[in-house]
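Counting starts at 1 for both ligands and their atoms, following the listed order.
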Amino acid sequence: MIPRKKILAVVGARPQFIKHAPLSKALEKDFLLKSVHTGQHYDDNMSRIFFDELKIQKPDFQLKDIGKSHAEQTGNMLISLERIFQQEQPDAVLVYGDTNSTLSAALAAVKLHIQVIHIEAGLRSFNIQMPEEVNRIMTDHVSSILFCPSEVAQQNLFAENIRRNVFICGDVMKDMLRLTLPYTRRLFQEKKYYFATIHRPYNTDAKDRMLEILNTFNALPYPVLFPIHPRTTKLLAGFGVQLEQFKNISFIEPVGYFESLSYQYYCEAIITDSGGVQKEAYWLEKKCITIRPETEWVETLTNHCNTLLFDSLSELASKLQEIPTYFDPGLYGTGDASNEISEQLKNCLC
Ligand code: UD1
Ligand code: UDP
């Protein structure tokens with residue numbers, strides 16, 4: 001019998017646990033799959049909850065205390081991951097998205113001549129000030145097998161002369177949503193409300209900007225349910241902002257995936273700067289306002305489904321009234337990306 005190929009997946013941040021849940025289940029059938037948790041996200045409600053509720057295999061390796069700054073995180077992970085890769089000698093290292101964990105794993109692997117598989121390849125915001133843009137460009141350029149969620153993403157890679165082993169496979173987050181939606185029940189009892197998440201540095205890291213966003217939410221016609229990312233919580237505490245003054249905002253701790261999906265499913269509209277939440281809003285056919293100057297999920301901007309708003313926050317209430325005219329049910333695949341990826345890898349790796 002031919003030995004199964006060994007894939008070592010590297011995860012570290014909340015959205016990566018959610019992406020890994022369906023894909024790991026598909027890969028386990030045909031590959032020897034192991035995983036490393038880099039410890040980039042470490043609070044129980046940013047990490048453990050997803051392994052528990054989405055029934056993800058416990059990681060085989062767990063890094064700790066990787067630091068805070070980009071250089072610290074990337075450097076520390078690079079050193080630790082190199083040791084693990086040398087010890088494990090996988091046939092390929094699999095990475096997701098665009099976090100510092102993604103870049104470190106891709107760099108460590110390529111220098112050991114281990115193939116890199118990039119899930120969510122080809123996304124571009126064309127804003128190089130975003131750490132994620134740097135991470136995704138560099139990761140794409142050292143990857144040997146690239147899975148794109150859309151044709152636009154594939155074209156972005158072609159434009160950078162990345163052509164070999166580039167596949168369109170849809171989005172694994174859609175798989176997770178498709179599996180979860182039938183079990184979704186209302187968990188927030190407010191009849192009409194908005195759901196919000198904000199964690200991008202350009203929204204959170206300056207006190208005036210953060211206050212402008214909160215004051216705008218506070219003036220909306222319906223209450224805003226806002227699970228706060230620990231990055232945002234820590235910055236608000238540091239700014240000395242009293243959350244009780246925002247009577248229209250229900251601040252809650254970060255929640256698990258099932259809860260997040262329920263809140264999104266039953267809300268009036270979604271306000272976010274998250275990548276994953278923009279897609280979920282689209283698949284749930286909710287109006288989304290993205291508090292960013294640009295998005296890499298450009299397809300969601302059609303038919304008023306998703307609207308970018310950055311400088312003119314005073315227009316938030318009126319933009320929320322714009323009604324989407326059509327949601328394409330096939331956007332970013334059919335919800336079966338994990339099996340497609342696994343099948344393709346059987347051809348590429350074996
Ligand atoms: C990271 C990713 C971002 C992704 C986001 C998903 C990078 C460069 N950024 O941003 O692309 O959208 O994750 O959520 O990789 N913290 C805690 N507990 C935790 C995690 C974080 O307290 O469990 C706090 C720490 O103070 C930390 C800060 O949040 O310094 C920022 O965390 P970090 O992982 O560096 O970046 P994110 O903003 O979470
Ligand atoms: N999410 C969650 N709990 C929360 C907020 C978000 O489970 O309190 C989920 C959300 O439904 C989506 C993913 O986290 O599936 C998005 O991750 P995040 O916004 O942290 O990162 P990004 O997608 O911006 O990289």
Worksheet item: Any non-hydrogen atom of Met176 lying under 4.0 Å from ligand 2?
Response: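 False for this residue.
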Discussion item. Check for me whether the distance between the ring centres of Tyr96 and His20 falls short of 6.0 Å.
Written reply: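 Yes, ring centres under 6.0 Å apart.
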Closest non-hydrogen protein atom to [atom], residue and atom name please, with distance?
atom	result
atom 36 (O) of ligand 1	Arg231 NH1, 3.8 Å
atom 14 (O) of ligand 1	His229 NE2, 3.0 Å
atom 5 (C) of ligand 1	His199 NE2, 3.7 Å
atom 18 (N) of ligand 1	Asp43 OD2, 2.9 Å
atom 22 (O) of ligand 1	Lys234 NZ, 2.5 Å
atom 17 (C) of ligand 1	Tyr42 OH, 3.1 Å
atom 25 (O) of ligand 2	Pro15 CG, 3.5 Å
atom 34 (O) of ligand 1	Gln40 NE2, 3.0 Å

Item to complete: Pick one of side chain, backbone, both or neither for how Glu132 approaches ligand 1, counting any non-hydrogen atom pair under 4.0 Å.
Response: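 Within the 4.0 Å criterion, Glu132 contacts ligand 1 through side-chain atoms alone.
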Worksheet item: Which bit of Pro201 is near ligand 1, meaning a heavy atom under 4.0 Å away: side chain, backbone, both or neither?
Response: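 No part of Pro201 comes within reach of ligand 1.
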Practice prompt. May I ask you to check whether Asn135 has an N/O atom sitting below 3.5 Å from an N/O atom of ligand 1?
Written response: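 Not met; the criterion fails.
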Worksheet item: Looking only at N/O atoms, are Asn100 and ligand 1 under 3.5 Å apart anywhere?
Response: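 The answer is yes, given that Asn100 and ligand 1 share an N or O pair closer than 3.5 Å.
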Identify, by atom number and element, the atoms of ligand 2 in contact range of [X], meaning under 4.0 Å from any of its heavy atoms.
X	answer
Pro227	8 (O)
Gln264	11 (O)
Phe50	7 (O)

Worksheet item: Which of these, Tyr222, Tyr193, Phe226, sits in a ring-ring contact (aromatic ring centres under 6.0 Å, His included) with Phe188?
Response: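 With Phe188 as partner, ring-ring contact (aromatic ring centres under 6.0 Å, His included) holds for just one option, Tyr193.
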Discussion item. Checking ring-ring contact (aromatic ring centres under 6.0 Å, His included) between Tyr332 and each of Trp297, Phe147, Tyr282, which is the one that passes?
Written reply: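 When ring-ring contact (aromatic ring centres under 6.0 Å, His included) is applied between Tyr332 and each of Trp297, Phe147, Tyr282, only Trp297 qualifies.
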Practice prompt. Dump the intermediate steps for ring pair (Phe, Tyr, Trp, His ring centres under 6.0 Å) on His118 and His141, then the final yes or no.
Written response: CA-CA 10 Å; His118 189 199; His141 280 265; over 10 Å; no
Looking only at distances, please establish whether an N/O atom of ligand 2 is found under 3.5 Å from an N/O atom of [X].
X	answer
Arg14	yes
Gly275	yes
Gly276	yes

Worksheet item: Per the side chain to side chain donor-acceptor pair (under 3.5 Å) rule, which among Thr295, Thr272, Asn306 passes with Thr290?
Response: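 When Thr295, Thr272, Asn306 are each tested with Thr290, the side chain to side chain donor-acceptor pair (under 3.5 Å) holds only for Asn306.
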Worksheet item: Testing Asn100, Asp98, Thr99 for side chain to side chain donor-acceptor pair (under 3.5 Å) with Thr102, which one passes?
Response: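 Only one option passes, and that is Thr99.
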With a 4.5 Å limit on heavy-atom distance, are the side chains of [X] and [Y] in contact?
X	Y	result
Glu132	Arg200	yes
Leu345	Phe167	no
Ile271	Phe195	no
Asp30	Ser342	yes

Ligand 2 versus [X], non-hydrogen atoms closer than 4.0 Å: side chain, backbone, both, neither?
X	result
Met173	side chain
Glu280	side chain
Lys279	neither
Glu132	neither

Practice prompt. Check ligand 1 against Met46 and write out every atom of the ligand that is under 4.0 Å from a heavy-atom position of the residue.
Written response: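 Every atom of ligand 1 under 4.0 Å from some heavy atom of Met46: 23 (O).
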Discussion item. Give the atom numbers and elements of ligand 1 that come within less than 4.0 Å of a heavy atom of Gln73.
Written reply: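 Result: 35 (O).
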Discussion item. Using a 3.5 Å distance criterion without hydrogens, assess whether the side chain of Gln73 forms a donor-acceptor pair with backbone atoms of Gly67.
Written reply: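 At least one qualifying donor-acceptor pair exists.
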Item to complete: Using distance alone, with no hydrogens and no angle criterion, decide if Gln264 and Ser260 have a side-chain donor and acceptor under 3.5 Å apart.
Response: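 Checked: Gln264/Ser260 side chains pair up, N/O donor to acceptor below 3.5 Å.
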[atom]: which of [options] has the nearest heavy atom?
atom	options	value
atom 13 (C) of ligand 2	Val255, Ile18, Ile198	Ile18
atom 16 (C) of ligand 2	Ser274, Ala281, Ser260	Ser274
atom 39 (O) of ligand 1	Gln16, His41, Arg14	His41

Using a strict 4.0 Å threshold on nitrogen-to-oxygen distance, state whether [X] and [Y] make a salt bridge.
X	Y	answer
Arg136	Glu296	yes
Glu294	Arg292	yes
Glu160	Arg124	yes

Item to complete: Take Phe217 and Phe246, measure what ring pair (Phe, Tyr, Trp, His ring centres under 6.0 Å) needs, and give me the verdict at the end.
Response: CA-CA 8 Å; Phe217 287 1; Phe246 303 102; 9.4 Å; no
